[in-house]
Number of protein chains: 2
Amino acid sequence: MQTIQVHTKSRPGAVFCGQGAAEQAELLRDKTLFVLTDSNVYRLYKEYIAEKFAGAAVCVVPAGERHKNRTTLFKILDAMLDAKLNRNAWLVAFGGGVIGDMGGLAASLYMRGVHVVQVPTTLLAQVDSSVGGKTAIDYRGVKNVIGAFYQPEYVICDPVFLRTLPKRELKCGLGEIIKTGALDAQIYEKLCNGQRQFFDFSFLEEITADCVRFKAHVVEEDECERNGLRKCLNMGHTTGHALELFYGRRSHGEYVLIGMDFESYIAEEEGICPHGYAKELRALISAVAGKIPHFDGIGEAAKAALYDKKNEKRGEISMIVPEAKGKFAELKLPAQKYIDLLEQINGGRV
Amino acid sequence: MQTIQVHTKSRPGAVFCGQGAAEQAELLRDKTLFVLTDSNVYRLYKEYIAEKFAGAAVCVVPAGERHKNRTTLFKILDAMLDAKLNRNAWLVAFGGGVIGDMGGLAASLYMRGVHVVQVPTTLLAQVDSSVGGKTAIDYRGVKNVIGAFYQPEYVICDPVFLRTLPKRELKCGLGEIIKTGALDAQIYEKLCNGQRQFFDFSFLEEITADCVRFKAHVVEEDECERNGLRKCLNMGHTTGHALELFYGRRSHGEYVLIGMDFESYIAEEEGICPHGYAKELRALISAVAGKIPHFDGIGEAAKAALYDKKNEKRGEISMIVPEAKGKFAELKLPAQKYIDLLEQINGGRV
């Protein structure tokens, strides 16, 4: 197990990564605990939770991104009030990204903030969403449009939780891992050399710690996405989010990969990224996501990108695109041009 | 006009205090603005807002503390989405404490945070609630139980806005001013010497800047009420909030004074505060609040104090009480003892 410190201005935290990380739940002994989880995770880990977090109030919410909304958020806050928690309580978000996002937000809002521990049980949440303090719910069809930056005290990333995951969920996490590879040359090399081990747990354990270390560094530099560096973590997300909202069905990580694929073509087209590297990156993407399909009506879907939080000017779409190994650039395009490019790239697919 | 800097870790801000402060709205020229106000304030300042914040989207919500709730919060967030604001937008909270609290919270949540400017139009908001970044709504009968710490970039405290206030509102602000006097010896002296000028605008302008400077210092030391100092600002609020919730009718500031009065007796009873100082403080309180009345069923009302955010242990009530001039102490009492004391003090009143 490795301990990765995250030195943010608002609240320093620690991420425990690797086998044995779950033992760190010991740190919570004698605290007032409130465990948030979802119905799927609870089915698998009911006894584990009862044992490791003995005495905790447990709140189980329906599983799935479509429940990452205002109604569920207030159900959680209701349960916190019912449990008569005070400001010294600790909320344990035990589950995937949806639980982490909503649990973090509820913890930040309840009495203006109780402590949070993230126990991510999916690969996606371990490599990405549990670290860095982004919390949110979706609202009125816009992803993560209501939320807060709120740092967890501890994040417990134990590969033991990945054993129960379907392959689809591993793919989803690999989406964010490959995104991180497009931002960091060392991780990129490991990925290029490890394409056959993508679904091996020992490979995933190692690369998870690498991704967390990279993300911790970015978050320390730019906790609230204000000086720009943190934006890089959104690579692939502009297009990915828009398609995810419109078409649904696939997982978030797959849409990130699909978004990266589209945006790598755009980066080529705009003369930002050389063809050779873009192609290599797309090979890595398809090693996880397979062949990128044709999307019917992509022009309509693309309009959701106008609501993206990264945009700074109305009618302009901002995205982070690959430039070279370990290098990225911010690209801003007028909305119509962006839509035209997506349609053109999409048109070349059957 | 004075400029008082607030150097918080999360985001430094400036408070402009005194005549001419409103001219600082100039700083917002060329920004994307969203003005939040309430129906009462809008009636008085509709043209002023249209002129000073030209081009801004304006959102008017119903006036009154009973609208400081989830429904209004989401109405504001809806209006922000409708205005297609991005993360670079500035929310101007133009109104009293309720508008400041809700506007600050909406701004902290929308896309995980847009900029906030507080333009407090009541004395209470100018001396207290607009400074320091506490934002909140009430929920399920508990005051401010859902909220965030979120610092405004600017606070504009101009006495010009106080001219339209009824005397009741000035009294309300004086409640927090006298509370601050109980925490700071210099402000206390000014108040003792200025009892006849309490409703003079020149006196209020000066004491407002003193209170803001004191609060800025406290908030810099303990932004998120974690190391304890910020708790002092809650003097009188434990009992005040409980009675406010149960009996309503009077203003927040009056309840703070009533709470301070009760708690000064408790502090005496517990041997924390000498009789002479407690009596002097109560004289200052009654100079604003008049004679403190008898409250029917105070034992029942007091139970709301069990939900107070300052409490650290179940069944124990925490409050900040006066100890000596410029000195205060934290007192924790078992709930039943607290209720008994309130009933005893209340019983001595007709």
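In what follows, every heavy atom counts, from backbone to side chain, and hydrogens, waters and symmetry copies are set aside. All chains are named by letter (A, B, ...) in the order of the sequence lines, taking the proteins before the strands, and each is independently numbered beginning at 1.
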Do the non-hydrogen side-chain atoms of A:I146 and B:R112 ever get within less than 4.5 Å of each other?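 Of all side-chain heavy-atom pairs linking B:R112 with A:I146, none is under 4.5 Å.
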So how far is it from A:N311 CG to B:M111 CE, rounded to the nearest 0.5 Å?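 CE of B:M111 is found 8.0 Å from CG of A:N311.
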Working to the nearest 0.5 angstrom, can you tell me the gap between B:Y110 OH and A:Y139 OH?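 With rounding to 0.5 Å, OH (B:Y110) is 11.0 Å from OH (A:Y139).
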Please check this pair: side chain of A:R87 against backbone of B:E225, looking for a donor-acceptor N/O pair closer than 3.5 Å.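 Side chain of A:R87 to backbone of B:E225: a pair is present.
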So which of [options] has the biggest tally of heavy-atom pairs under 4.5 Å with chain B?
options               : value
A:E312, A:K84, A:K9   : A:E312
A:R70, A:E223, A:R314 : A:R70
A:D78, A:L306, A:T32  : A:D78

Charged N-O contact under 4.0 Å between A:R140 and B:D82: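 A salt bridge links A:R140 with B:D82.
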Looking at every non-hydrogen atom in both residues, tell me the closest pair between B:L109 and A:L109 and how far apart they are.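 For B:L109 versus A:L109, the nearest heavy atoms are CD2-CD2, 4.1 Å.
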Flag the one option from B:L105, B:L77, B:T135 with the top tally of heavy-atom pairs under 4.5 Å to chain A.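 Sorted descending by pairs with chain A, the first entry is B:T135.
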Take a 6.0 Å sphere around NZ of B:K332 and say whether it holds more than 12 heavy atoms from other residues, nucleotides or ligands.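 Yes - once you tally the heavy atoms of other residues, nucleotides and ligands closer than 6.0 Å, there are more than 12.
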A:R66 atom CZ: more than 12 heavy-atom contacts under 6.0 Å: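 At most 12 heavy atoms, drawn from other residues, nucleotides or ligands, come within 6.0 Å of this atom.
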At a 4.5 Å cut-off on heavy atoms, which part of B:K134 comes close to chain A: side chain, backbone, both, or neither?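 For B:K134, the contact with chain A is made by backbone and side chain together.
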